[in-house]
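Worth saying up front: this structure is predicted, and the values here are computed from it rather than measured. Along the sequence shown, the residues carry numbers beginning at 1. Both counts, for ligands and for their atoms, begin at 1 and track the order of listing.
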Amino acid sequence: MAPVIRISEIAQYEGQEVTLQGWVYNRTDKGKLVFLLIRDGYGYAQCVAFKGNLPADLFDKIMRLPQESSVIVRGSVRADRRAPGIPGGYELDVSDLQIVQAAAEDYPMALKEHGVDFALDHRHLWIRMPSQWAILRVRRTVMRAIRDWLDSHGFTHVDTPILTPAACEGTTTLFETPYFDEGMAYLTQSGQLYNEANIFAFGRVYCFGPTFRAEKSKTRRHLTEFWMVEPEIAFCDLEQLMEIEEQFVTYIVQTTLRECAAELKSLGRDTTLLERVSPPFPRISYDEALEMLAQIRAATEDPEQKELLAIEWGMDFGSPHETALTQRFEKPLFVYGYPTQVKAFYMEPWPGRPEVCKSADLLAPEGYGEIIGGSERISDYNLLLQRLHEHNLPLEAFKWYLDLRKYGSVPHAGFGLGVERTVSWLTGTQHIRETIAYPRTIKRVYP
Ligand code: 4AD
Ligand code: MG
């Protein structure tokens with residue numbers, strides 16, 4: 001019996017009879033030959049049906065097989081450098097084919113150009129296409145690399161709640177939902193506050209789950225539902241935090257390069273710069289970044305670009321600023337010491353410079369921008385109380401959080417890495433919506 005194999009492992013079966021279970025992605029007829037590009041969830045492989053090898057009625061059916069028909073194909077594996085597919089380089093000489101279902105002829109995602117809105121409306125079918133499949137395969141590797149690194153570096157995974165009583169990252173992006181007799185509850189913007197409680201029980205922790213922001217910004221970097229991993233570390237300062245981040249990100253990049261070579265190649269991703277990602281990453285202060293932006297702005301002739309790059313001390317960076325900065329560096333770039341006024345309420349002030357906080361963002365190169373936001377946290381009870389007042393946050397909802405500064409407070413720090421932004425960078429995908437199976441944006445909750 002010919003064993004059922006996965007296309008990702010086809011090279012191991014050269015010269016042997018195997019069975020593939022999958023779907024017809026494409027069909028090309030050449031007289032006595034029909035080329036089927038079969039996908040099985042693990043890859044794409046060319047299967048060649050030769051008229052002389054098959055019963056006439058079967059060959060006839062194969063010649064008329066609609067795209068997306070489900071099939072079980074038997075045949076022998078032959079190496080051929082020109083054979084298309086992912087990984088490619090091998091093809092199957094078909095000796096038998098069973099049609100599980102002949103697909104309806106009106107497949108909406110037929111192989112021709114589709115507008116983005118049309119493709120997004122058919123996301124449930126679009127994910128079958130090689131580019132989307134490859135991006136989501138990289139995503140799954142990134143997610144596993146994240147867990148592997150944290151699990152093997154002393155981090156305890158503790159799940160944090162999705163329904164929460166208060167804001168973590170500013171009140172303007174909260175999704176609210178009525179909560180029985182308790183008033184309003186909010187979909188989590190970040191598990192950080194709970195992580196801060198959890199480090200006092202476990203030392204180093206992380207949460208990893210969906211995160212919600214009612215982002216009014218309609219950019220290619222924003223989703224309303226995205227996945228974030230958030231590590232938090234007791235007895236840790238900003239410098240130590242950045243060292244952890246660069247080790248962590250390097251591991252994610254290297255694992256992806258090693259395990260997803262076929263996917264990245266199929267996407268046409270130039271991996272030259274990714275291969276150079278290794279610690280240490282360059283570090284510049286917010287003040288230095290402003291100087292650099294002023295230079296870049298002075299050097300540009302384009303008035304529109306000049307306008308976009310305008311920035312004054314105290315303002316947060318927008319995408320154009322991040323893009324311009326990262327284009328100057330080959331590796332991911334830390335920008336630390338942001339103005340306190342643009343960051344969240346919980347960040348530790350810079351010693352002797354209260355207008356600056358001990359925060360660091362990590363910006364991905366090649367124009368991809370912020371993938372990590374992190375900081376040292378305020379550990380002093382009175383200062384934290386003062387900040388809650390300044391930000392008009394409801395004290396009752398934060399009573400438990402203040403407790404953490406009463407019972408054994410320690411310096412601590414943590415960060416959040418956005419999965420979709422990271423996958424965009426690694427795969428070279430311009431728009432973040434393609435890096436999650438079912439994107440949620442300000443204009444989309446379907447399918
Ligand atoms: O910088 P942010 O808002 O940081 C926090 O939420 C902290 N509480 C994390 C922490 O210290 N534990 O978000 C962290 C990262 C960003 O760098 C970005 O990668 C991603 O989350 N992110 C988004 N990704 C997609 N769509 C959005 N609307 C995002 N907002 C943030
Ligand atoms: Mg941020």
Does a salt bridge link [X] with [Y], judged by any charged N lying under 4.0 Å from a carboxylate O?
| X | Y | result |
| --- | --- | --- |
| R444 | D117 | yes |
| E420 | R433 | no |
| K358 | D237 | no |
| E215 | R221 | no |
| K265 | D270 | no |

[X] heavy atom under 4.0 Å from ligand 1:
| X | answer |
| --- | --- |
| T422 | no |
| M228 | yes |
| Y346 | yes |
| R377 | yes |
| R221 | yes |

Polar proximity ligand 1 side, [X] side, N/O cut 3.5 Å exclusive:
| X | value |
| --- | --- |
| G418 | yes |
| S190 | yes |
| E232 | no |

Practice task
Measure centre to centre between the rings of F248 and F415, then say whether the value is under 6.0 Å.
Solution key: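 Under 6.0 Å, so yes.
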Return the closest protein heavy atom for [atom] as residue, atom name and distance.
| atom | value |
| --- | --- |
| atom 26 (N) of ligand 1 | L223 N, 3.0 Å |
| atom 31 (C) of ligand 1 | F226 CZ, 3.5 Å |
| atom 1 (O) of ligand 1 | E370 OE2, 3.1 Å |
| atom 18 (C) of ligand 1 | R421 NH1, 3.5 Å |
| atom 7 (C) of ligand 1 | E169 OE2, 3.4 Å |
| atom 19 (O) of ligand 1 | I371 O, 2.9 Å |
| atom 15 (C) of ligand 1 | G416 O, 3.6 Å |
| atom 6 (O) of ligand 1 | R213 NH2, 2.8 Å |

Out of all atoms in ligand 1, which are within 4.0 Å of some heavy atom of [X]? Include the element for each.
| X | answer |
| --- | --- |
| I372 | 17 (O) |
| E215 | 28 (N), 30 (N) |
| G414 | 11 (O) |
| I432 | 25 (C) |

Between the side chains of [X] and [Y], is a donor N or O closer than 3.5 angstrom to an acceptor N or O?
| X | Y | value |
| --- | --- | --- |
| D151 | Y206 | yes |
| E246 | Y251 | no |
| Q192 | Y346 | yes |

Exercise for the section: Describe, in one word, how the ring planes of W350 and Y336 are oriented to each other, choosing from parallel (under 30°), tilted (30 to 60°) and perpendicular (over 60°). Expected result: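 Parallel, since the angle between the ring planes stays under 30°.
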Practice task
Mind telling me whether Y401 and F398 have parallel, tilted or perpendicular rings, with 30° and 60° as the class edges?
Solution key: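 The rings of F398 and Y401 stand perpendicular, inter-plane angle above 60°.
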Problem - Region of F415 that comes within reach of ligand 1 [heavy atoms, distance under 4.0 Å] - result: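 F415 to ligand 1: backbone contact only, side chain stays beyond 4.0 Å.
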Exercise for the section: Tell me which part of H222 gets within contact of ligand 1: side chain, backbone, both or neither, using heavy atoms under 4.0 Å. Expected result: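 The part of H222 near ligand 1 is both the backbone and the side chain.
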Practice task
Report yes or no: is the cationic atom of R405 (NZ for Lys, CZ for Arg) closer than 6.0 Å to the six-membered ring centre of Y381, at no more than 45° off its axis?
Solution key: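 Geometry flag: not set, cation outside 6.0 Å or 45°.
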Problem - K331 charged N/C atom sitting above F281 aromatic ring, 6.0 Å / 45° - result: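 Here K331 fails the 6.0 Å and 45° test against F281.
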Practice task
Using 2.8 Å as a strict upper limit, say whether an N, O or S atom of E370 approaches the Mg ion (ligand 2) that closely.
Solution key: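 A backbone or side-chain N, O or S atom of E370 is under 2.8 Å from the Mg ion (ligand 2).
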Exercise for the section: Please determine which of H124, Q132, H122, Q67 meets the side chain to side chain contact (heavy atoms under 4.5 Å, CB included) test together with M109. Expected result: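 Only match with M109 under side chain to side chain contact (heavy atoms under 4.5 Å, CB included): H122.
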